[in-house]
Every structure is written in structure tokens, then in C-alpha cells.
There are 2 protein chains.
Amino acid sequence: MALEHAILVSLTERAGSGYELARRFDRSIGYFWPATHQQIYRVLRRMDEAGWVKHTEIAQEGRPDKKVYRVAAAGRAELTRWLAEPEDPAVLRDGLGVKLRGASLGSVDVVLKEIERHRAEHATRLEVYRSIQKRDFPKPSTLHGRDLHQYLVLRGGIRAEESFTAWCDEVIEALRKDNP
Amino acid sequence: MALEHAILVSLTERAGSGYELARRFDRSIGYFWPATHQQIYRVLRRMDEAGWVKHTEIAQEGRPDKKVYRVAAAGRAELTRWLAEPEDPAVLRDGLGVKLRGASLGSVDVVLKEIERHRAEHATRLEVYRSIQKRDFPKPSTLHGRDLHQYLVLRGGIRAEESFTAWCDEVIEALRKDNP
DNA sequence: AGGTGCAGTGCAACGAGTTGCATAGGTACG
DNA sequence: CGTACCTATGCAACTCGTTGCACTGCACCT
């Protein structure tokens, strides 16, 4: 599995503390692999014990000390091993589909409102992603290597949110027509 | 949370055994909420103890006995309660994004092959969904109520797979151009 | 003076999902 | 005849993810 690997990818790009990693996940890698600070701390300790990463304690003024992690040789080896290993395709998992499926057992109107709410949230995420795209990748055709990969991951997030909001629109329209 | 509720929705439509439910999940509800037989058996027992469902043991010839579950009053109440309750929007979680992000740390070529493989799998799922759509919902504009909801859920699965395969295509093309 | 929020790490308990295995009889194939 | 797959249920162990909490100290707002 992969929180280990997601962290290794992030740490290879740049060393950082658990806290910093948690914030990075909220942005970039988190589009495809969300994680809370709790998970991250636990996995960091595990990887430290396994020798995949090393940490240095850094004393700070006015702030708590922090542990900055770097990827060790064993971690790099594990990462390349994992990159070459096939992975099971992901599955969708969204309670909203279950709600829609069961809508007629409760109030269709309430479920409709819920779908509108989700649509709004996903549209907000979409706007966030689009503004990142504009800011960080204004000329996609000029990208290469790591920057290109990062851009393509962002594109995945954008496409997923576009598709989801479009589905919500289809559902909302159909339910409105059916439920006058 | 929601495996309970997914099962309640499915059982409300039609009573069934754990085994049957597992197979139903492989098809319809599983597009949005996959579950293994293990999870289903465990949750069924839990719901039985809680009085949300009742079971009848049915002896069969040439086959093992089975327990057919029906939704009880408490289960119906729980289901309508849950339907009215707001739910957190789902997040994407796909290791493929992490691999792409880290591609330059290993072999871009190997990651590209992996993406092609995922594309093929998702395309297969998409074809399955489309054939279900053709077979079960040839005239979507005539649908109402529960049938309409079921159709719209399927549409969600179709849209998700379409969007994913299109993203894979974008990635494959971009990586090929970048990696001659 | 008190509340909120940020930076920073962490424990403990729980809930959800995964994997391997066990049992058992029937059918179908080579 | 053996193997493999289908129906049918379930235990045990494990990993993964979630939630609530604890502690420190500074900055900012009202």
C-alpha cells in the first residue's frame, strides 16, 4: 500500500517535518492521497524505525522544536521498487451514490438538497485547482519531467471535479423534472 | 458511516442473503460503494443484533442453508434518518496519481506502462457500465422515481470512468511526447 | 483578559477494510 | 479421478483511517 510511498515521494522532492508534510498533503499530493497529520506522524515513525527515513531535530525560537525528515538509501530503494510494482486500479467510493439510489425511501427533496450541497463543495475544489493551474502552470506545453508530471496530476484532480460537478448537474436537472 | 446504509438500501429493494448481497454489490451499488463478503457478513450480524434487520434460515437442497435478511422497522427508521443527514463529500484516493507524481524518481517508462494498464481496466469497466445502460435503460427520458435514481447512479459510474480514461489518454500522450 | 488560530508532536481508542483460512457439498471439465 | 469453481457462512489477525484529546507557546483580535 501507499501512504508510505506518498510520503517518500514528497520527502524526496524536499525534506520536511511531519507538520509540513501534512500541509503539503492538504495541497498537492492530497488530491490523490489525502492524509491527516496523525497518519503522517505514525507512518514517519514507522519508516524511521525501518530505516527508510532519517530525522534531525531542529530547535526553533518561539516555536516548538521540529523533526526534519530526509529519505535514506533504504527509502529510495523501496520507492523505486514500489514504482515498478503494479497497483490495483482504484475504485470509486462515495456515499452520495448510495443516497441517490435510496432517495425514494426517504425524501427525494432532501437528497436533492444534499446533492446540490456536494456540487457546491466540489465546484469550490475545482476552482482551487484551476487557480493553481493558472498560477503554477500557465504554459503547459513547455513543461517537462517532474514539472510535467506534477501538472498532469493536477489535471487529474481538475478532471475528476469537473466530471463530478457535471454529474451533479445532470442529477439535479433530472430530479427536478421528475419531482415537480 | 455507510456500509450499513448501503446494505439497508439494497435489502429494502429486495430481501436477500449475505452471499446474494455480496454479488449485488459487485454489480449495482458497488460502483459507488464496493464491499467484500466479509464486510457484508459482519455488518449483517451487527445489524441483526441491533434489530435493524431480521433473518430467516432457509434450507436448500444440494446447497448450503442460507439466511435471508429483511429490513426491520428499526432499520427503515435508521435509513430515513441517515438519508436526511448531511454527508461529507468524498475524496479521490488513487495510488496512480502518486506514482505519476514520483515517476521521475524511478522509470517514467514503467509508470507509463502502468497507466496504460489502468486505462485498459477502467475502459473495460466503462464498457460494462455502458452495456448495462443499453440493456436496462434504453429510454432514459421515460424513467421516473426509483428507476430514474438507479439510472443516474449508473450515469455517475459511466462519467467517472469516462473521465478517468480521458485523463489517462492525456497523460499517456504527454509522457510520450516528453519521453521520446 | 480571553478567545482563536498557527506551529509542532504525539497517545489512545475505535471503526473500517483486507487477507488468509476453514468448512461443506455440488457441479463441470479434462 | 482429481481439480477447480460455485454456493454459503464465518473466524482471526492485521492494517489503515478517524476522532478526540493533551501539551507548549506565540501572535492576533476584540
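FYI, side chains are in, hydrogens and waters are out, and symmetry mates aren't considered; it's all heavy atoms of this structure. Chain A is the first sequence line, chain B the second, and so forth, proteins listed ahead of strands; every chain is numbered from 1.
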- Note on the structure: As a check of understanding: the bend across the helix from C:dA1-D:dT30 to C:dG30-D:dC1, end axes from five pairs, rounded to 10 degrees, works out to 30°
- Rounding to a whole Å, what distance do you find between B:Arg23:CZ and D:dC6:P? 8 Å
- Side-chain contact, heavy-atom cut-off 4.5 Å: B:Val43 with B:Arg46? yes
- Heavy-atom side-chain proximity of B:Leu3 to B:Phe25 below 4.5 angstrom: yes
- Lys/Arg-Asp/Glu bridge criterion (N-O < 4.0 Å) met for A:Lys113, A:Glu116: no
- Take B:Ala35 and A:Tyr19, find for each the nucleotide of DNA chain C with the closest heavy atom, and name the residue whose nucleotide sits nearer the 5' end. A:Tyr19
- Task: Inspect the surroundings of CD in A:Glu49 and state if more than 12 heavy atoms from other residues, nucleotides or ligands are less than 6.0 Å away.
- Result: yes
- Taking only heavy atoms on the protein side, list every residue of residues 39-54 of chain A lying under 4.0 Å from any atom of DNA chain D, sorted numerically. A:Gln39, A:Arg42, A:Arg46
- Task: Measure the distance from CG on B:Asp65 to C1' on C:dG26 and round it to the nearest whole Å.
- Result: 14 Å
- Integer-rounded Å distance: D:dC6 P and B:Arg63 CZ: 12 Å
- Message: Rounding to an integer number of Å, can you tell me how far A:His37 NE2 sits from D:dT19 P?
- Response: 12 Å
- Do B:Tyr129 and B:Glu161 have side-chain heavy atoms sitting under 4.5 Å apart? yes
- Salt-bridged, A:Glu114 to A:Arg117, with N to O below 4.0 Å? yes
- How are the rings of A:His37 and A:Tyr41 set to each other: parallel, tilted or perpendicular (split at 30° and 60°)? perpendicular
- For B:Asp26 and D:dT7, what is the distance between atoms CG and P respectively, to the nearest whole Å? 11 Å
- Message: With a cut-off of less than 4.0 Å, is there a side-chain N or O of A:Arg93 near OP1 or OP2 of C:dG17?
- Response: yes
- Message: Would you say B:Thr36 places a side-chain N or O within less than 4.0 Å of OP1 or OP2 belonging to C:dT19?
- Response: no
- Query: Would you say B:Leu21 and B:Leu44 make side-chain contact, with heavy atoms under 4.5 Å?
  - Reply: yes
- Query: Taking NE2 from A:His55 and P from C:dT9, how many angstroms apart are they, rounded to a whole number?
  - Reply: 10 Å
- Task: Using the side-chain hydrogen bond (donor to acceptor under 3.5 Å, both in side chains) rule, pick out the option among B:Glu20, B:His55, B:Glu57 that qualifies with B:Lys66.
- Result: B:Glu20
- For the pair made of CD in A:Gln38 and C1' in C:dT9, what is the distance, rounded to whole Å? 9 Å
- Task: Would you classify B:Gln60 as touching base, sugar-phosphate or nothing, given that sugar-phosphate means primed atoms plus P, OP1 and OP2, and contacts are heavy atoms under 4.0 Å?
- Result: sugar-phosphate
- Starting from P on C:dG8, measure out to NZ on A:Lys66 and report it in whole angstrom. 5 Å
- Hey, which of these two, B:Lys67 or B:Pro64, hits DNA chain D nearer its 5' end, going by closest nucleotide? B:Pro64
